[in-house]
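For reference, the structure is listed below as structure tokens.
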Amino acid sequence: MANETGYTGLLAPGEGNSQLGALLFLVRSVLLKEVRTIDLVRVVSVTNSGGLEPVGYVDVQPLVNQVDGAGNAVPHGTVYHLPYFRLQGGDNAVILDPRVGDIGLAAYACRDISSVKATKGQANPGSARSFDMADGIYFGGVLNGVPKQYIRFGADGIDIVSPTSIRLSAPDIALQASKGITLSADADVKVSAASIELDGSLTQGAGPRGGAATMQGPLQVNADVNASGISLTGHTHAENGKGGQTNPPTS
């Protein structure tokens, strides 16, 4: 409420008329000053950029301004060196580092976590501070825009989309499908391996793109070869001037 000097306080109307009202005002003032829960923040700097490295840190800007008793906005400064969350268990992780401009949540610990950040082990609090912004932890991914690179889980299945490339690396990779596997590319498909084993029939050139098949060879076929319905091992030739047919080739 405003007084004759023009200053504005946080005391609500009626709170100064009783001891209970005064006590509630004091409790609320202490809570607003001393206790923090979660803030919406924007990333202004990040130590990692998607590489294979330990979890890093972010500098963030709280997005909800401070407001004085007169309603004047007082923006927060940058909060530095907050560890950010990564989905990780042991040596297994999803590496998805924050980027500058991301909006996320900063949650604040009830005690000073600086010693634990430094040692990554059990430690005493670094100071007597509590619910301080310096002891925040960043959790990313709220109020952000449409992604260009993503994994989408939908009712129609799972999409893995990248505007650049997708790489799979492992000693063994198995693709299994109960119905079929479709491989489609607008350019060449290249396979490099010590050997390629096909278990099933092979059809070439039956699609809309057609095309000829070229092989360097040598080509070894254990059964017969048919070209336009003519058997390689069973065909015969007319004998010139004799009116008969040759025997099928034997070698």
Kindly indicate whether the side chain of Ile95, heavy atoms from C-beta on, has any atom under 4.5 Å from the side chain of Arg86. yes
Hey, does the side chain of Asp132 reach the backbone of Ala134 with a donor-acceptor pair shorter than 3.5 angstrom? yes
Looking only at the side chains, is there a donor atom on one of Ser231 and Asn226 sitting less than 3.5 Å from an acceptor on the other? no
Looking at Gln204, I'd like to know if its CD atom is crowded, meaning that more than 12 non-hydrogen atoms belonging to other residues, nucleotides or ligands lie closer than 6.0 Å. yes
ILVMFWY cluster, Phe85 and Val94 together (side-chain gap under 4.5 Å): yes
ILVMFWY network linking Ile230 to Val221, side-chain heavy atoms under 4.5 angstrom: no
Residues Phe131 and Arg36: closest non-hydrogen pair is CD2-O, 3.2 Å
Minimum heavy-atom separation for Asn144 to Gly141, with atom names? ND2-CA, 3.4 Å
Across all chains, not counting sequence neighbours, the side chain to side chain contact (heavy atoms under 4.5 Å, CB included) partners of Ile137 are Pro83, Ile113, Phe139
Does Val41 reach the side chain of Ile103, with side-chain heavy atoms less than 4.5 Å apart? no
Provide the closest heavy-atom pair for Ser115 versus Pro125 in the form atom of the first, atom of the second, distance. OG-C, 4.3 Å
Which residues pass the side chain to side chain contact (heavy atoms under 4.5 Å, CB included) test with Leu168, not counting sequence neighbours? Ile173
Hey, quick one: are Leu202 and Ile196 part of the same hydrophobic cluster, counting side-chain heavy atoms closer than 4.5 Å, chains of contacts allowed? yes
If every non-hydrogen atom of Val79 is compared with every non-hydrogen atom of Met133, which pair is closest and at what distance? CG1-O, 3.3 Å
Tell me, please, which residues at least two apart from Tyr80 pass ring-ring contact (aromatic ring centres under 6.0 Å, His included). none
So which atom in Ala177 and which in Gly180 form the shortest heavy-atom distance, rounded to 0.1 Å? CB-O, 3.4 Å
Which atom names give the shortest non-hydrogen contact between Arg42 and Gly101, and what distance separates them? NH1-O, 3.5 Å
Set of residues satisfying side chain to side chain contact (heavy atoms under 4.5 Å, CB included) with respect to Thr164, sequence neighbours excluded: Gln149, Ser162
Can you check whether Leu105 reaches Asp39 side chain to side chain, under 4.5 Å on heavy atoms? no
So, Arg209 and Asp188, do they make that salt bridge, N to O below 4.0 Å? no
Could you walk me through whether Asp135 and Lys117 pass the salt bridge (Lys or Arg N to Asp or Glu O under 4.0 Å) check? CA-CA 10 Å; Asp135 300 310; Lys117 287 165 62 176; over 6 Å; no
Under 3.5 Å, side chain of Asp112 to main-chain N/O of Ser114, donor-acceptor pair present? yes
State whether a side-chain donor-acceptor pair under 3.5 Å links Arg167 with Ser169. no
Look at the side chain of Asp224 and the backbone N and O of Leu232, then say whether any donor-acceptor pair between them is shorter than 3.5 Å. yes
Do the side chain of Gln216 and the main chain of Pro218 share a donor and acceptor less than 3.5 angstrom apart? no
Side-chain donor-acceptor pairs under 3.5 Å in residues 43-67, sequence neighbours left out?
from: Thr47; atom 1: OG1; to: Tyr57; atom 2: N; distance (Å): 2.9
from: Thr47; atom 1: OG1; to: Tyr57; atom 2: O; distance (Å): 3.4
from: Asn48; atom 1: ND2; to: Pro54; atom 2: O; distance (Å): 2.7
from: Asn48; atom 1: ND2; to: Tyr84; atom 2: OH; distance (Å): 3.1
from: Asp59; atom 1: OD1; to: His81; atom 2: N; distance (Å): 2.8
from: Gln61; atom 1: NE2; to: His76; atom 2: O; distance (Å): 2.6
from: Gln66; atom 1: NE2; to: Val74; atom 2: O; distance (Å): 3.3

Those residues that, when tested against Arg152, pass side chain to side chain contact (heavy atoms under 4.5 Å, CB included) (two or more places apart): Tyr150, Asp156, Asp159
Consider only side-chain heavy atoms of I, L, V, M, F, W and Y, link residues closer than 4.5 Å, and tell whether Tyr108 and Leu40 are in one cluster. no
Backbone N or O of Arg99 within a donor-acceptor pair of the Asp102 side chain at under 3.5 Å? yes
